[in-house]
Peer 1: 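Sharing a structure here in structure tokens format.
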Protein chains: 2
Amino acid sequence: MTSATPPDILGARQAGAHPGRPYDRSSDPAILSVALDLLADRPYERVTLDAVATLTGRAKTTLYRRWATKDELLLAAIRSVGHPPEAASLPDSGSLRGDLLAVIDSPWLGGAERRLAVFAGLASAARSSELLAQAIRLEVADPYADVYRRLFERAIERGEVPRDRRARIPLLAEVIPAMSDRRMSSGTAPADRDFFVSLVDGIVLPALLGVPAA
Amino acid sequence: MTSATPPDILGARQAGAHPGRPYDRSSDPAILSVALDLLADRPYERVTLDAVATLTGRAKTTLYRRWATKDELLLAAIRSVGHPPEAASLPDSGSLRGDLLAVIDSPWLGGAERRLAVFAGLASAARSSELLAQAIRLEVADPYADVYRRLFERAIERGEVPRDRRARIPLLAEVIPAMSDRRMSSGTAPADRDFFVSLVDGIVLPALLGVPAA
DNA sequence: CAATTACGCTACTCCTCAGTAGCGTAATTG
DNA sequence: CAATTACGCTACTGAGGAGTAGCGTAATTG
């Protein structure tokens, strides 16, 4: 072992009661945030630790003292995303539409613009590494879609949506993320608020309230 | 100029009336097809011309005699996809549902499985090269979504769908491709026929026939 | 204070991959 | 036949990027 501090559960190193200069953990969040920004901006293969080092003002060797490989650092960045605050307490505006827009307008991860870019980048990065793909799915994509799923379920419980639409929910919970990622990646039109409003009013809500399943 | 044969409009070299051994064009389609398979299988950065050469039984130098750069070969591969046969003559099964499923079940590009993999790979590759992104959008993604769009338009013309749903069509035409790409990339569940049937019956048709826009 | 360990820095190794050079051979034209 | 040009092959150059070594310095503990 080169380092005296053992690896951490969270992917970084554990602080211990050692003599000697301690790890400067204060910059870890900034490092992981920059890693996310890079994943949002360019494909996995062109995210370099040199770039992370430069943008954070740390030395590349310092990054490698904290994370053993590029994948471990990116994995930690993915885990740092965490769950959306809406998962802890579902928005409750009084209508399903208002709730959906509350999730869309959430300030989480720096606001809609950055969040959408990060999500699209992660979806693309999932094709480059099976390891990262699992983490992205289990720790980011699935929990996020789950918020939409729970909003739909609750709308049924409240009688806002007929019960026989329940079978549509699993697929419907993916529609907003799927359309958002496509918009972000195709570079044709911006994924702005109007886009999401049209999506909610023109697709999601009609699909829930539309004719019963065949 | 190293080669005596000038570049082609289609991205390869023009056959001319030269003395000497002529280009063997018979393997061009196989080369572009393998390039597409590789783009379907791995990210752009890990598609190597060495792999194309090995898998096609050609020498890498031969590939470079035909296409000047990796991007030109991939561009030619993208252009070789062409338009879906359904764009030339829309399926007409008698119902919108049957028409949508006809597009989904199309044998185009080797059948649904390969076609979906290729589309998902191209969508991801679009993030790696702005040049390729334009070609993918203009020559593959947009024409494909246009088939769905025209089916929806025709269903309105025929009275199968109320006229006031027309505004939903542009977004709705992206739903099937978007959901398909997400399924293929997330690696969670297969994008099999059941998936598309659920998508059509549970999302697309209800979204078209659902309550009028707010 | 001494010992210890992290930091930034420079420089390095190793590997992959785009693209090229040169050669001997195969397939054409005239 | 000679001339020409594509082919496969091997070998190479050059760039980029993961990961490491070693040094001088900074920040801790005791």
Peer 1: Considering only nitrogen or oxygen atoms on both sides, find all protein atoms under 3.5 Å from nucleotides 16-20 of chain C and state each distance.
Peer 2:
unit_1: C:dA18; atom_1: OP1; unit_2: B:Val47; atom_2: O; d: 3.1
unit_1: C:dA18; atom_1: OP1; unit_2: B:Lys70; atom_2: NZ; d: 3.1
unit_1: C:dA18; atom_1: OP2; unit_2: B:Leu49; atom_2: N; d: 3.3
unit_1: C:dG19; atom_1: OP2; unit_2: B:Tyr64; atom_2: OH; d: 3.3
unit_1: C:dG19; atom_1: OP2; unit_2: B:Lys70; atom_2: N; d: 2.7
unit_1: C:dG19; atom_1: N7; unit_2: B:Lys60; atom_2: NZ; d: 2.9
unit_1: C:dG19; atom_1: O6; unit_2: B:Lys60; atom_2: NZ; d: 3.0

Peer 1: Using atom CG of A:Leu63 as one end and atom C1' of C:dG8 as the other, report the distance to the nearest whole Å.
Peer 2: 11 Å
Peer 1: Scan nucleotides 1-3 of chain C against the protein and return all N/O pairs shorter than 3.5 Å with their distances rounded to 0.1 Å.
Peer 2:
none

Peer 1: side-chain hydrogen bond (donor to acceptor under 3.5 Å, both in side chains): which pairs involve residues 29-48 of chain B, sequence neighbours left out?
Peer 2: A:Glu45-B:Arg46, A:Arg46-B:Glu45, B:Ser33-B:Arg114, B:Asp37-B:Arg114, B:Tyr44-B:Asp71, B:Glu45-B:Ser128
Peer 1: Would you say that B:Leu132 contacts B:Leu122 through its side chain, given a criterion of any heavy-atom pair below 4.5 Å between the two side chains?
Peer 2: no
Peer 1: Using the salt bridge (Lys or Arg N to Asp or Glu O under 4.0 Å) criterion, which residues pair with B:Arg182? Sequence neighbours excluded.
Peer 2: A:Glu174, A:Asp181
Peer 1: Would a distance-only check, ignoring hydrogens and angles, find a side-chain to backbone donor-acceptor pair under 3.5 Å from A:Arg115 to A:Trp108?
Peer 2: yes
Peer 1: Just so I know, are the side chains of B:Val204 and B:Met179 near enough to count as touching, which here means a heavy-atom distance under 4.5 Å?
Peer 2: no
Peer 1: Relative to the 5' end of DNA chain D, which residue comes earlier, B:Asp24 or A:Pro22, by the nucleotide with the nearest heavy atom?
Peer 2: B:Asp24
Peer 1: To the nearest angstrom, how far is A:Arg65 atom CZ from D:dC23 atom P?
Peer 2: 14 Å
Peer 1: Could you list all the salt bridge (charged side-chain N to carboxylate O under 4.0 Å, His left out) pairs where at least one residue sits in residues 47-62 of chain A, not counting sequence neighbours?
Peer 2: A:Asp24-A:Arg58, A:Asp50-A:Lys60
Peer 1: For DNA chain D, which residues of residues 51-59 of chain B approach it to below 4.0 angstrom with any heavy atom?
Peer 2: B:Gly57, B:Arg58, B:Ala59
Peer 1: Which whole-number value in Å describes the distance from A:Leu73 CG to D:dG19 C1'?
Peer 2: 13 Å
Peer 1: Using a strict cut-off of less than 4.0 Å between a Lys/Arg side-chain nitrogen and an Asp/Glu carboxylate oxygen, indicate whether B:Asp99 and B:Arg154 qualify as a salt bridge.
Peer 2: yes
Peer 1: Restricting to pairs with a member in residues 187-198 of chain A, which pass side-chain hydrogen bond (donor to acceptor under 3.5 Å, both in side chains), not counting sequence neighbours?
Peer 2: A:Asp105-A:Arg193
Peer 1: Is the phosphate of D:dC7, meaning OP1 or OP2, less than 4.0 Å from a side-chain N or O of B:Arg66?
Peer 2: yes
Peer 1: Under a cut-off of 3.5 Å for both distances of each Watson-Crick or G-U pair, what dot-bracket string does DNA chain D give, using [ ] for crossing pairs and | for inter-strand pairs?
Peer 2: ||||||||||||||||||||||||||||||
Peer 1: Quickly work out the B:Arg21 CZ to C:dG24 P distance and round it to whole Å.
Peer 2: 17 Å
Peer 1: Scan for ring-ring contact (aromatic ring centres under 6.0 Å, His included) pairs involving residues 131-150 of chain A, sequence neighbours excluded, and state none if there are none.
Peer 2: A:Phe119-A:Tyr144, A:Tyr144-A:Tyr148
Peer 1: Suppose we screen for side chain to side chain donor-acceptor pair (under 3.5 Å). Which residues come up paired with B:Ser95, at least two apart in sequence or across chains?
Peer 2: none
Peer 1: I need the full list of side-chain hydrogen bond (donor to acceptor under 3.5 Å, both in side chains) pairs touching residues 131-141 of chain B, with sequence neighbours left out, sorted by first then second residue.
Peer 2: B:Arg79-B:Glu139
Peer 1: Report yes if some heavy atom in the side chain of B:Leu74 is under 4.5 Å from a heavy atom in the side chain of B:Leu36; otherwise report no.
Peer 2: no
Peer 1: Can you sort out the partners of B:Glu153 under side chain to side chain donor-acceptor pair (under 3.5 Å), two or more places apart, ordered by chain and number?
Peer 2: B:Arg149, B:Arg166
